[in-house]
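Numbers for residues simply follow the sequence, beginning at 1. Counting convention: from 1, in listed order, for ligands and their atoms alike.
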Amino acid sequence: MLNGKKILIGIGGGIAVYRVAELARLLIKAGADVRCVMTKSACEFVTPLTFEALTGQEVHRDLFDLTSERAMGHIQLARWADAVIIAPATANLLARLTHGIADDLLSTIMLVNDKPVLLAPAMNVSMWDAEATQRNIACLQQRGMVVIGPESGELACGEQGAGRLAAPLTIKAAVTALLCEQSLVGQTWVINAGPTHEAWDGVRILSNRASGRLGALLAEQACMRGADVVCIAGPGTPATNADIERVNVESAQQMLAACRQYAAGADLFIGTAAVSDFRFADPQTEKLKRGELRSMNIELTANPDIIASIAAMPNRPKKVIAFAAESSNHIAYAKSKLVNKKVDAIVANDISNMGSDQANGWWISADNEVSIPSSTKIAFAAAIIQHIMELA
Ligand SMILES: Cc1cc2nc3c(=O)[nH]c(=O)nc-3n(C[C@H](O)[C@H](O)[C@H](O)COP(=O)(O)O)c2cc1C
């Protein structure tokens, strides 16, 4: 989603600087070209080396640096960026930006900049609540800057309240939304993800190798395009950003109940979850003992077919997309599922994709059958969203 996007991170001098390193890493992983500008105070908390190593780029610090000015000075840095993130946006930076003070490299760049700006404030709760800070932030918002956070909770200073830097994943989602075409605004998408855990006894489960990564990526990418997204997440599904409504479930039956509840009347349902076909007929709450047993027969009961159940609901989503992970005859199995489950399209993929960062497969609908070449799961998810948007 951020492939080739140029993002300038302006790093202020707050205790949360160390969390911005994770943000830089996430942005780079999503394909962005990241450059960092640190204030003098920021360098008191973390050395520029951290950001230089993460981005592979020089970290800009000085306004009066001849070499930098010749290579990429304050004007060029502002022109270069597609978007600017200020994180942590200190109370001091907010004040300087509000008043147009240009007394260091970052504040001078900000006076030149005409690209979208995301402010991620982080500070002590009283600094945040201070009338001056609140006036400044309101003024910057009025000028079109987007403010993300701060979040509430325990602060680095030990006090409680609003002041924590928004989670790096949330900041990444917000900047992607800033840079991304908002083609799904007004739509509700429900996506299930991950494996299920079917309890056998107090400690043992029946499950599979699904990681939930693809479902989480689809949820994230739909959210970044403006959709309201609910992710029904099986155990181990990666973290999703705060704008995604997340419902954690364990078993297939819990997943079915949550999917039916949220999918009713939605615009789209995507079933990426690797739902266990069976559950234990007689699960125990205590831990079972092996004792003298040399073998054991266990009775399994078939689990409900979640996709077919969603597709058969009277108030079913306008579109239902299924996934089929197969070990052979992918296209033939997928085509029969397309008909039997009465879904609008199906993504056939190989079981070897499970748990991996790579994926490949086929998009199959009533009038279309195309291969989605091998790529990272991020690119695979983007290709699927593109096919969904083209679905008549
Ligand atoms: C240990 C320590 C932690 C600080 N944490 C924050 C913070 O989280 N947020 C903030 O706005 N200021 C914080 N400050 C104050 C800023 O560092 C100070 O206002 C500085 O002038 C900010 O400079 P800058 O905005 O140019 O980066 C902290 C100061 C110290 C000594």
Side-chain angles (χ1 to χ4, degrees), residues 7-24 34-52 54-55 58-65 68-69 73-74 77-78 81 83-113 117-141 143 145-171 174-175:
I7 299 177
L8 188 69
I9 311 182
I11 305 167
I15 200 83
V17 174
Y18 73 98
R19 296 183 67 205
V20 180
E22 171 70 0
L23 172 66
V34 175
R35 303 271 165 108
C36 297
V37 176
M38 294 178 80
T39 65
K40 199 162 171 281
S41 314
C43 300
E44 297 285 338
F45 292 86
V46 171
T47 67
L49 184 65
T50 303
F51 292 98
E52 223 156 275
L54 281 170
T55 61
E58 179 197 353
V59 169
H60 303 270
R61 285 178 284 165
D62 279 332
L63 184 56
F64 303 104
D65 177 335
S68 291
E69 273 300 305
H74 62 285
L77 272 170
V84 181
I85 304 174
I86 307 280
T90 57
N92 179 50
L93 262 171
L94 296 176
R96 287 193 286 142
L97 298 187
T98 303
H99 295 285
I101 293 170
D103 59 352
D104 69 357
L105 180 60
L106 181 54
S107 55
T108 308
I109 287 173
M110 292 307 287
L111 265 190
V112 178
N113 174 61
V117 176
L118 190 69
L119 300 170
M123 63 198 71
N124 166 274
V125 58
S126 302
M127 282 174 91
W128 174 248
D129 286 340
E131 193 187 336
T133 306
Q134 288 304 309
R135 275 177 190 251
N136 292 340
I137 203 90
C139 171
L140 295 170
Q141 268 175 315
R143 284 189 214 153
M145 298 190 191
V146 176
V147 179
I148 183 100
E151 291 174 357
S152 291
E154 192 181 339
L155 307 176
C157 56
E159 294 183 13
Q160 289 280 339
R164 287 164 59 90
L165 185 75
L169 255 179
T170 306
I171 301 176
V175 77

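The shortest distance between side-chain heavy atoms of Ile109 and His60 does not fall below 4.5 Å. Between Thr133 and Met123, some side-chain heavy-atom pair lies under the 4.5 Å cut-off.
Looking at residues two or more places apart in sequence or on another chain, you find no side chain to side chain donor-acceptor pair (under 3.5 Å) involving Asn136.
Using a 4.0 Å heavy-atom criterion, the residues that approach ligand 1 are Gly12, Gly13, Gly14, Ile15, Thr39, Ser41, Phe45, Thr90, Ala91, Asn92, Leu93, Arg96, Ala122, Met123, Met127.
Around atom CZ of Arg35, more than 12 heavy atoms belonging to other residues, nucleotides or ligands sit under 6.0 Å away.
Scanning all heavy atoms of the two residues, the minimum distance from Val175 to Ala83 falls at CG2-CB, 4.2 Å. Here the closest heavy-atom approach between residue Val46 and residue Thr50 is recorded as CG1-OG1, 3.4 Å.
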